[in-house]
Trainee: 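Just dropping this structure here.
Residue numbering restarts at 1 for every chain, and letters A, B, ... go by the order of the sequence lines.
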Amino acid sequence: MELSKLGVQETKKEKKTQEKGLSDLPGVEGEVVLRFAPNPSGPLHIGHARAACLNQEYVKRYGGKLILRVEDTDPRRVDPDAYQMIPEDLEWLKTEWQELYIQSDRLEIYHQYAEELIRLDQAYMCICPGDEFKKLKDQNQACPCRDLSLEENLELWKKMPDMSEGEAVLRVKTDLNHKNPAIRDWVAMRIVEEKHPRIGGDFRVYPMMNFSVAVDDHLMGVTHVLRGKDHLANSEKQKYLYQHFSWKIPEFIHYGRLKMEDIALSTSQARKGIEEGVYSGWDDPRLGTIRAIARRGIMQGAIEELMLEIGVKIADSTVSWKKIYGLNRNLLEDKSNRYFAVLNPEKVEIKGLPEVLKGNIERLKHPDFPEAGFRELYFDGAVYLGQEDLDNNRDKVVRLMDAVNIFIGDEVTYHSASLEEARKSDARIVHWVPSSSNYQVELVMPDASVSNGLIEPESREIRVGDVVQLERVGFARLDSLEGGKLTFYFAHK
RNA sequence: GCUCCGGUAGUGUAGUCCGGCCAAUCAUGUCGGCCUUUCGAGCCGAUGACUCGGGUUCGAAUCCCGGCCGGAGCACCA
């Protein structure tokens with residue numbers, strides 16, 4: 001199967017040495033240094049997965065390294081739990097990083113470079129009120145602070161830690177005539193009067209993301225920056241810094257926004273919902289977090305495949321769950337053992353069942369892989385059937401898989417035994433659970449609704465985290481096992 | 001409003017830079033048939049797209065102009 005795929009690929013390339021699929025990185029000279037740089041405001045979501053998978057793939061393609069850099073330079077936007085959750089999520093994504101940096105450990109570095117930038121006459125202390133500066137800036141006007149002498153600047157800079165929030169900022173000189181007002185003399189350092197959740201309260205002068213990112217990307221030797229197109233203007237801002245310091249500018253690659261069908265939740269909205277009790281937690285099945293998706297039985301491979309297919313284009317894209325389910329099903333189909341689980345079960349006693357037909361029934365765990373073995377169900381004529389199957393087959397013959405054919409009338413009666421007989425009667429073939437031995441089962445759907453039912457006894461061998469196929473119901477992941485009750489999260493058909 | 005950027009089938013994606021081999025690729029979905037003791041899988045088949053209008057050209061998904069639609073940014077967030 002793999003070979004034929006490769007063969008197709010090889011004959012396809014002619015015009016370019018371009019591989020099919022994910023496009024090549026521009027300006028590659030030897031090894032590549034990439035970085036994944038999330039803000040620790042919560043766990044990773046599907047959007048992060050894109051950056052993570054792409055970075056991972058490029059490192060694999062070109063060799064080099066991936067840096068994980070946690071960007072926590074705004075004490076107000078830090079969720080202490082995120083320092084733990086981010087690496088966990090990356091591990092699930094099978095994204096490996098070779099180096100880890102946390103920006104709140106590096107604040108002194110940013111201070112040093114800020115001061116150097118002042119000495120280079122490429123930054124100045126600005127004590128104008130924000131709205132006044134904006135007014136001038138919008139008219140391409142310099143504010144009075146722009147002309148401060150080096151001495152005056154350094155003096156203010158030294159005093160900055162003692163000033164209060166909003167009193168002063170350090171601005172990078174760019175171009176007051178830049179078409180985009182946002183680029184003009186942007187802020188590099190500002191005062192934040194808030195204890196940092198991770199490093200405590202000694203620092204008050206924090207770098208802005210644009211400053212710390214550029215300094216770090218340079219210091220860490222990053223060759224290619226993959227980021228969302230919301231950073232387009234930021235890349236432009238950062239280029240000024242590279243020029244001021246005479247640093248080599250990395251390749252910036254911007255990709256479009258990723259929207260997820262049915263999920264319009266930002267991290268902050270999700271947090272709010274969790275706090276209000278609307279969602280059970282970061283892994284609530286309705287959320288777009290990595291942990292929620294994982295909990296639903298979506299495999300890492302499906303997400304990776306999806307992300308590599310979407311690639312790096314700048315146009316926005318909307319991910320459909322059907323696409324994910326399709327990819328996921330391809331991954332699960334061969335590996336998932338089958339079990340009978342009946343939802344909304346109704347007990348049925350089959351009248352007139354010949355004694356000889358009672359006994360243990362064996363059924364393959366996987367119809368295509370006999371080597372997976374058999375499971376056993378004891379059949380004695382008392383079974384649970386799904387209410388839906390019962391309702392849909394009123395006055396019809398139905399075959400219980402691997403057992404007998406029954407007629408569903410006012411009461412349920414034995415009809416015949418053979419499969420041929422079932423075919424003749426055009427019987428629907430349904431699954432069932434023995435009434436003599438079973439476990440309770442709970443199935444949590446993607447919308448967080450819950451169905452209850454019963455599952456066959458051999459389900460005891462399923463371990464938490466396994467994804468199995470509940471025959472005729474769909475693929476589901478065992479989430480927990482408590483007091484003889486199995487709770488599954490439904491993935492898809 | 002200003003600055004910038006996009007728009008290929010239901011969805012995602014290839015092709016767009018270097019116009020013809022594109023009546024447009026692949027995936028996923030959907031529909032039909034076969035098969036199957038799952039409504040899963042498999043096999044076979046089908047459906048379905050170049051945002052619109054001009055222009056350049058022998059020839060345009062590809063180049064140019066305009067419209068329409070969509071998005072991002074315009075912070076002392078990242």
Trainee: At less than 3.5 Å, do the side-chain atoms of A:Glu309 and the base atoms of B:rG12 form a donor-acceptor pair?
Mentor: yes

Trainee: If I pick the C1' atom on B:rC50 and the same atom on B:rC44, what distance separates them, to the nearest angstrom?
Mentor: 29 Å

Trainee: With P as the reference atom in both, quote the distance from B:rU25 to B:rU47 in angstrom, rounded to an integer.
Mentor: 12 Å

Trainee: Is the phosphate of B:rU13, meaning OP1 or OP2, less than 4.0 Å from a side-chain N or O of A:Lys313?
Mentor: yes

Trainee: In Watson-Crick or G-U wobble terms, both distances under 3.5 Å, what is the partner of B:rU3?
Mentor: B:rA72

Trainee: So, does A:Lys229 get its side chain near the phosphate of B:rG6, meaning an N or O under 4.0 Å from OP1 or OP2?
Mentor: no

Trainee: Among A:Arg146, A:Lys134, A:Lys137, find the residue that satisfies the salt bridge (Lys or Arg N to Asp or Glu O under 4.0 Å) test when tested with A:Asp185.
Mentor: A:Arg146

Trainee: Is there a donor N/O on one and an acceptor N/O on the other, under 3.5 Å, for the side chain of A:Asp368 and the base of B:rG40?
Mentor: yes

Trainee: Select from A:Lys179 and A:Arg190 the residue whose nearest nucleotide in RNA chain B is closer to the 5' end of that strand.
Mentor: A:Lys179

Trainee: Is there a side-chain contact between A:Arg329 and the phosphate of B:rA41, meaning an N or O under 4.0 Å from OP1 or OP2?
Mentor: yes

Trainee: B:rA78, OP1 or OP2 - any side-chain N/O from A:Ser41 closer than 4.0 Å?
Mentor: no

Trainee: Can you see if the side chain of A:Arg257 gets near the phosphate of B:rA72 - specifically, an N or O under 4.0 Å from OP1 or OP2?
Mentor: yes

Trainee: Using heavy-atom distances to pick each residue's nearest nucleotide on RNA chain B, tell me which of A:Ala233 and A:Val319 is more 5'.
Mentor: A:Val319

Trainee: Under 3.5 Å, is there any donor-acceptor pair linking the side chain of A:Lys323 to the base of B:rA27?
Mentor: yes

Trainee: Taking only side-chain nitrogens and oxygens of A:Asn330, does any of them come within less than 4.0 Å of OP1 or OP2 of B:rU28?
Mentor: yes

Trainee: So do the side chains of A:Tyr378 and A:Ile361 get within less than 4.5 Å of each other, counting heavy atoms only?
Mentor: no

Trainee: Output yes when A:Lys322 and A:Glu261 qualify as a salt bridge under the 4.0 Å nitrogen-oxygen rule, no when they do not.
Mentor: no

Trainee: So, is A:Thr73 close to the B:rA78 phosphate, meaning a side-chain N or O under 4.0 Å from OP1 or OP2?
Mentor: yes

Trainee: Looking at A:Phe211, does the NZ or CZ of A:Arg190 lie under 6.0 angstrom from its six-membered ring centre and within 45 degrees of the ring axis?
Mentor: no

Trainee: Answer whether the closest heavy-atom distance between the side chains of A:Phe475 and A:Arg296 falls below 4.5 Å.
Mentor: no

